[in-house]
> 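I'd like to ask you about the structure that follows.
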Number of protein chains: 2
Amino acid sequence: MNLRDLKYLVAVADHLHFGKAAKACHVSQPALSMQIQKLEQYLDVQILERSNKSVFVTDLGQKIIARARDVLQGAAEIEDMAAMNKAPYMGNLRLGAFPTIAPYFLPLIVPTISQKFPNLRLLLLEAKTEDLVDKLTRGKIDAALLATTEAPGVLQSYPIFRDEFIFAVPKDHEKASRKSVDKEYLLQQPLLLLEEGHCLRDQALDYCRLSPMSTEYDFQATSLETLRQMIAAGVGATLLPKIAMRPDDGIKYIKIKPAAPYRTISLVWRKSSAKQAFLTELAELMKLCYMRHD
Amino acid sequence: MNLRDLKYLVAVADHLHFGKAAKACHVSQPALSMQIQKLEQYLDVQILERSNKSVFVTDLGQKIIARARDVLQGAAEIEDMAAMNKAPYMGNLRLGAFPTIAPYFLPLIVPTISQKFPNLRLLLLEAKTEDLVDKLTRGKIDAALLATTEAPGVLQSYPIFRDEFIFAVPKDHEKASRKSVDKEYLLQQPLLLLEEGHCLRDQALDYCRLSPMSTEYDFQATSLETLRQMIAAGVGATLLPKIAMRPDDGIKYIKIKPAAPYRTISLVWRKSSAKQAFLTELAELMKLCYMRHD
DNA sequence: CGTTATAATAAGTATAACTTATCGATATGA
DNA sequence: TCATATCGATAAGTTATACTTATTATAACG
C-alpha cells in the first residue's frame, strides 16, 4: 500500500469521477485508475463500483476511505511538523471564522497578526459553525474562531474573549431612552433573528428559550449587516453581539442588566495539529488584540 | 512521502540501528538508509542523529515518529478491514491477558473459540496490565482481557464477567471452619500479596486500603500459583480471585460477606480496530463460556 | 595498528508508475 | 437510428524510483 494510492482513492471518493479526481491529483486518468485497481487487487476487495456513467463507493469502501483520510491527515501533519520546525511563523495558516464574528473581529486582529508574522500567509474562510467544525476535523483548515464553549474530542479550544449581547432597538423605540433593560422585559419582546444555521440565532433563542415571542417574525435576516439595516429602519429589535456595535448607525444599543447574556469566542484547532504551539501563541495574541481594543 | 519510508523510520527508531532495522524490514541496509535520507531531505529536517557507533532520534524526530506510528497503524487497519471483509473469522487474532487471569480463564474459552472459529489463529500473550494497554494502543495486539473498569480514550471495553475475591487460608487456619468472614475482620489481617505491577495486588490493596497490615509481609509472590503454594504451605492468608479456586489444593476458601469485593474482567480493543464487529462477537462468546462454567 | 562495526556511497538492475494513444461500452440527441 | 460524446479500462513505451551487491569512510576497540 502507498500514501499515493490512498490519496487517489480519496480524490475519487470526493469527486465520484475518475477524470476529475485525476486532474485534482495532477496525473492522467489512466495512471489514477491503475493505481486504484492495484490497491483493490492488493487488498482483494472492491472499494468502488464503476459504470460508464457513475462511480459508487461500496460499504466497505466507505470505511476504508474514512480511514484513508485519517492516514493522509497524519501524513500531512508530519509534513507540517517539519515545516513548523524549520520556520515556525511561515507558510499558510487556514483560519475559519463564523459569519457573525468574522467581519467584526478579523479586522481587529489581522493587521496585528500580519505585522507580527510577516511571513505568514493568512487564508481566511467565513462559514457557519457546523461547516467550520467539519472542515477542522477533516484537516481542511488549521484553526477556527468559534463560539462553542466545548469542542469535540479531537479538537481543543483556547478562549479569546467574552462577547456580550446587547439589546438593539430603532432610535424611536419605546425603550430607546432607557439605559438598560432586564431579562424579564426581553422575554416578552418579539425579536428579529438571523436565519437557521447561524449560531448567533441559536444563542439568542437559547437565552430566550422561555419566550415564544422571539420566533414571531416569519422573516429571517441572512446576515448580521442586513439585520442591522432592518433594526435601523425601524422594523424591530434584536440582540446584537457587542463586537458588532457601531457608533451612529441609527440604532440605540441598550445594556442588559444584570447578567448580560454572552458568547465565548475561542480559537479552536485539532489537538494533533503540528501548528499546536504556534496556534496557542496566536490565540494569546488575539486575546491581547481584543483587550487593547476593548 | 511514502508509507514505506515511515515504516523504515519507525524500524530505525525501534532498533536504533540501521542494519537491524533493515533486516526487520527485509531490505538491505543501504536501501533503508537511502530512503530515510530522502525522507529527511524531503521534509528538510533532521530526524536521526547518526554516528558510527550509535543512532539518536532528535526531538522533532520523536514527534514525527510518533505520528508515523499512527499513520502506519491506520494503514494496517485498512488492510485489516479488507481482510475481515473477505473472511471475518480467519487470520490472526493477537489476544493478551494479564497473568492472574490468563491461566484460569483462557483454558475455559480457548477450546470454544477454536471450535467456533476453526480458521482463526489465536496468538496468546500473557503480560501485565500496563504492558497490555501499551501494546493495545500501539497496535501490537488486537485485544486484551483486562480488569480495568474504564479504558482510556482510544480503547473500548466489553465486560465479560465479575470475578469475586475470596479469602484463602491454610487448612489449619483459625478461621478455616468458618463459612464466611466480613470486611472488618479482613482489614485486620496481614495478607500475602503478589509483587508490584500485578493488578491483582493493586485491587487487593485498594480494597484493604485502610489497613496497614496488608503490607506487613516483606516477601511478595511472583505469581498466583506461587502464592497458592505459599498459602497451602501455611505461610499466611490472602485474597484470591474466585476463578483461581481449585478443589483439594490444601487451601480453605472462605466467602466474604456481605458485599464481596470483585474485579470486572473485560475484553478491551481499539475503537478503530477493523476487527470491531468480530471482537464484540468474541466477547459475547466469552461471556457465554463463563456463564456455562459458573 | 590492524580489526571490527557502523552508516554512507556507487553502479547497475529491476520494478513500478507515469505518459499518450486507443478501445469498448453506454448514454445523448438530431 | 446512427453519429457523437463521455467515461473508465487497456496497451505500449518511457521515465523515475527503489532495490541489489560491492565498496568506501570513519570511528572504536583490543
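The chains referred to below are lettered A, B, ... by the order of the sequence lines, with proteins before strands, and numbering in each begins at 1. What you see is a predicted model; the values in this text were computed from it and never measured.
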> Expressed as a whole number of angstroms, how long is the span from B/F18:CZ to D/dC19:C1'?
17 Å

> As a test of reading the structure: which of C/dT9, C/dA7, D/dC19 is closest to the side chain of B/P30, going by heavy atoms?
C/dT9

> Flag the pair B/D131 and B/K135 as a salt bridge only when some basic side-chain nitrogen lies within less than 4.0 angstrom of an acidic carboxylate oxygen.
yes

> Let's go through B/L136 and B/L132 carefully: what are the C-alpha distance in whole Å and the side-chain angles of both, what is the deciding distance for side chain to side chain contact (heavy atoms under 4.5 Å, CB included) to 0.1 Å, and is it a yes or a no?
CA-CA 6 Å; B/L136 259 182; B/L132 289 174; 5.7 Å; no

> Side-chain N or O of A/H26 less than 4.0 angstrom from OP1 or OP2 on C/dC18?
no

> Whether the side chain of B/Q29 and the base of C/dA8 hold a donor-acceptor pair under 3.5 Å is what I'd like checked.
yes

> Using modelled atom types and a 3.5 Å cut-off, is there a donor and acceptor pairing between side-chain atoms of B/S266 and backbone atoms of B/S157?
no

> A/I36 CD1 to C/dA17 P: how many Å, rounded?
13 Å

> Output the rounded distance in Å from NZ (B/K23) to P (D/dC19).
17 Å

> Measure the distance from NZ on A/K7 to P on C/dA17 and round it to the nearest whole Å.
14 Å

> Using a cut-off of strictly less than 4.0 Å, decide whether A/R50 has a side-chain nitrogen or oxygen near OP1 or OP2 of D/dC7.
no

> Side chains of B/E77 and B/S272 only: does a donor on one sit below 3.5 Å from an acceptor on the other?
yes

> Without decimals, in angstroms, what is the distance between B/L32 CG and D/dT20 C1'?
14 Å

> Taking the minimum atom-to-atom distance to the side chain of A/A31, which one of C/dC18, D/dT20, D/dG8 wins?
C/dC18

> Specify the separation, in whole Å, of atom CE of A/M34 and atom P of D/dT14.
15 Å

> Does B/K38 put a side-chain nitrogen or oxygen below 4.0 Å from OP1 or OP2 of D/dA18?
yes

> Counting just side-chain N and O atoms, does A/Q37 come under 4.0 Å of either OP1 or OP2 of D/dT10?
yes

> Check whether any side-chain nitrogen or oxygen of A/S28 sits under 4.0 Å from OP1 or OP2 of C/dC18, and answer yes or no.
no

> Check this for me: does any side-chain nitrogen of one of A/R50 and A/E40 sit under 4.0 Å from a carboxylate oxygen of the other?
yes

> Could you tell me how far apart A/N2 (CG) and C/dT15 (C1') are, to the nearest whole angstrom?
13 Å

> Tell me whether the OP1 or OP2 atom of D/dC19 has a side-chain N or O from B/R4 closer than 4.0 Å.
yes

> Closer than 4.0 Å, any side-chain N/O of B/Q35 to the OP1 or OP2 of D/dA18?
yes

> Nearest whole angstrom, please: distance from the P of C/dA8 to the NE2 of B/H17.
12 Å

> Side chain of B/Y8, heavy atoms from C-beta onward: which of D/dA9, D/dC19, D/dT21 has the nearest atom to it?
D/dC19

